[in-house]
Amino acid sequence: MSCSKHPQVPKVFETTSIEVNILPDYKEITIPCNIAPLNFCVEGDSIDQCVACVIYPGGKMLAGGERMVSFDPKEWHHMLMASKNDSIKVQVYTHTATGWYEHPIYGMFVSADEIDKYISYRLIPPYNTYEHISLCQRDLTTAEEFEFYNNQMLDDPQGGHCVNCHAFQNFCTEKMQFHVREEFAGTMVKVGNTIQKYDLKVPSTVSGGVYPAWHPSMNLIAYSINKSFLENHTYGSCKSEVQDSQSGLMLFDVEHERVIPICDEPNLFETFPTWSPDGEWLYYNCATFEFHDADPFDPEQRIRRQMEVTSRYKEIKYNVYRRKFDSKTLSFGEPELVLDAEAEDMSATLPRISVDGRYLLTCVGNYGCFHIYHPEADLWVTNLALLSDSIEQRTIASENSYSLREANSLWAESYHNWSSNGRWIVFQSRRRDNNYTRLYFSYFDRNGKAHKAFELPHLNPELECLRMVSYNIPEFTVEPIEKAPADWAEVIWKQKAKKVRE
């Protein structure tokens, strides 16, 4: 493939009403004024050249090549600055054996609301066997990708180790964490320049920390504690299911290296904690599951509990709850129902609160808590400012909650997060091929409306089509991760996980 450095609009062409197919689909979207160039491929086996002309207030920009359009970064960012809160038009020309064709114009709107500079995520092959997993950070203004750890750095004769659940405090990287599973197991916690590996399992909890949430200002991490397992199905649109047979919540006091249990009721599955931006509330998911055949109190009946959950997994529906947090005593109040999805025979997971505290963003599916495999899973928003004391007004069928239809697709939307200014949402979606999860962004305007989602920008979108990995756990940050992969590897390899107290 070659790319022309000086493309020109063809002098002779035929105008066609056939819209050009581009990958990724960047047509009629709202984009931030600091986003990396939205390079794209033109689809069509007969096409051998293409030119894109971007018309913006006060100028135009050209880019082209064989079947990939790659914009000059300096020209692109100059165009964005000149187009704030305005529209741009893109005219694409394609060449085949029969000549040049001018396709219908499509538009984009450039918002003056910037997106956070960095996004972090995990890259993992589908149906992973721990062969190659990497934790990456990407500069959203340049599309450059950097690994901050990958599991190939250590010689592991046991067959690999998993790394997962990276999390940051308040969009900054000074305080962050991720887990190492299997060989070299432990929770990696970075505070400033210090990295410590912890064993967070204490006698009163069913597991160590699993899904994390840093308190926005205090040196505390809320975790779910889960006994989870994976089931694969031989029929149906949902081929895999991750389920809990037991779960609860705990708090890790990083400074004093101690765990404080929050809740762990045998017939309640609590998971996915998240803090309100002011740190005064802990939101989480909870499902009620009454065991009929297994004894939830008997640790020897773990397999029986799993078998019963497996046989009745479509009955499990999660709601959103919250608990008031006392920062002086590090204690929590009684649970309060925030969103009742079960009342509508649905399941709402992964609560995320917007930075202004106004909106609750969730993923809603038919059942269960691991919606990454659920084709029906969509993003929903609840306006917390409109919630009343009426329980009926707390269902997903109420006027306070609505699907983000403009951002959703026919395939699974899942793990989502807000940007630090509350104007952008990032999430995982299987919409391109229903095999791999990729990252998408949607503008969330001041009226509470989402706009058409667009895919994470790539330096080489043609090469990206051949990258057989899923992107997951996207997390915005406003600064880079300073620690190098070797810094993490040294601690993982050499340091024994430190036991914490209760």
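Model, not experiment: these values are computed from the prediction.
Taking the six-membered ring where the residue is Trp, F178 and Y149 present parallel rings, their angle staying beneath 30° rather than reaching 60°.
Under the ring pair (Phe, Tyr, Trp, His ring centres under 6.0 Å) criterion, the residue pairs touching residues 301-320 are H233-Y313, Y313-Y367, with sequence neighbours excluded. The salt bridge (charged side-chain N to carboxylate O under 4.0 Å, His left out) contacts involving residues 416-437 comprise E413-R431, R432-E455, D433-R438, where partners must be two or more places apart or lie in separate chains. Judged as a salt bridge (charged side-chain N to carboxylate O under 4.0 Å, His left out), not a single pair has a partner in residues 349-365 (not counting sequence neighbours). Residue pairs meeting the salt bridge (charged side-chain N to carboxylate O under 4.0 Å, His left out) criterion with at least one partner in residues 272-298, sequence neighbours excluded, are E280-K324. Counting only residues at least two apart or on different chains, the ring pair (Phe, Tyr, Trp, His ring centres under 6.0 Å) pairs with a member in residues 242-268 are Y198-F252. Among residues at least two apart or in separate chains, salt bridge (charged side-chain N to carboxylate O under 4.0 Å, His left out) pairs with a member in residues 308-319 are E308-R312, R312-E315, K317-D345.
Annotation: side-chain contact (heavy atoms from CB on, under 4.5 Å) contacts of Q495 (sequence neighbours excluded): Q196, K197, V491. When the ring pair (Phe, Tyr, Trp, His ring centres under 6.0 Å) test is applied to W275, the partners found at least two apart in sequence or on another chain are H215, F325. N226 meets the side chain to side chain donor-acceptor pair (under 3.5 Å) test with S224, D244, T271; sequence neighbours excluded. For the side-chain contact (heavy atoms from CB on, under 4.5 Å) test, residues two or more places apart in sequence or in another chain that qualify with R302 are R305, Q306. Scanning for side-chain contact (heavy atoms from CB on, under 4.5 Å) contacts around P480 gives Y118, Q137, E482, with sequence neighbours left out. In this structure A397 satisfies the side-chain contact (heavy atoms from CB on, under 4.5 Å) test together with E344, T395, sequence neighbours excluded.
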